[in-house]
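Report on the structure given below.
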Amino acid sequence: MTISEMLSQSGILTLLGMGVVFSFLIIMILAMTLLHAVIHALGWDKEEKKDAPSAAPAVSSAPAADNGAIIAAIAAAVHEKESN
């Protein structure tokens with residue numbers, strides 16, 4: 001097999017592979033468009049309104065005073081690291 005035959009065979013294989021991928025992308029886009037139309041027709045894209053109030057925000061388990069202690073510890077560690 002000569003180099004020109006190998007190059008032509010590799011070119012055909014490349015075009016065939018790109019064609020398969022491009023065809024799959026077209027099929028996927030068509031399937032997504034069809035699915036969008038079906039979901040919209042059935043009304044599944046409408047969000048239901050909830051009358052119940054939303055849950056209260058989560059309360060931090062550590063008190064606010066502990067945050068100051070954590071910040072001080074981090075600052076001390078950074079200062080010690082910079083001084084070494």
Side-chain angles (χ1 to χ4, degrees):
M1 183 175 272
T2 64
I3 291 179
S4 63
E5 290 174 346
M6 289 191 321
L7 283 175
S8 69
Q9 189 177 18
S10 64
I12 291 171
L13 187 61
T14 301
L15 291 176
L16 181 64
M18 290 173 63
V20 167
V21 169
F22 190 70
S23 299
F24 175 75
L25 289 174
I26 290 173
I27 292 170
M28 187 174 66
I29 290 170
L30 292 175
M32 290 175 62
T33 305
L34 178 66
L35 185 62
H36 175 265
V38 169
I39 288 175
H40 186 69
L42 293 175
W44 290 349
D45 58 345
K46 307 247 186 305
E47 195 170 316
E48 295 178 11
K49 294 184 179 181
K50 296 181 181 179
D51 293 333
S54 61
V59 178
S60 175
S61 61
D66 287 348
N67 288 341
I70 292 171
I71 293 171
I74 292 172
V78 169
H79 179 68
E80 182 180 336
K81 183 72 174 176
E82 287 177 351
S83 65
N84 287 341

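The first residue of the sequence shown is numbered 1, and numbering continues consecutively from there.
Clustering ILVMFWY residues whenever any of their side-chain heavy atoms sit less than 4.5 angstrom apart, transitively, puts Ile70 in the very cluster that holds Val78.
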Could you go through residues 26-40 and list every donor-acceptor pair under 3.5 Å that involves a side-chain atom there, pairing it with any protein atom two or more places apart or in another chain?
from  : atom 1 : to    : atom 2 : distance (Å)
Thr33 : OG1    : Ile29 : O      : 2.8
His40 : ND1    : Asp45 : OD2    : 2.9

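If you take CG on Leu13 and OG on Ser8, they are separated by 11.0 Å, rounding to the nearest 0.5 Å.
Under the rule for a side-chain hydrogen bond (donor to acceptor under 3.5 Å, both in side chains), the partners of Thr2 that lie at least two apart in sequence or sit in another chain are Ser4.
The 12-atom threshold is exceeded at CD of Glu5, counting heavy atoms of other residues, nucleotides or ligands nearer than 6.0 Å.
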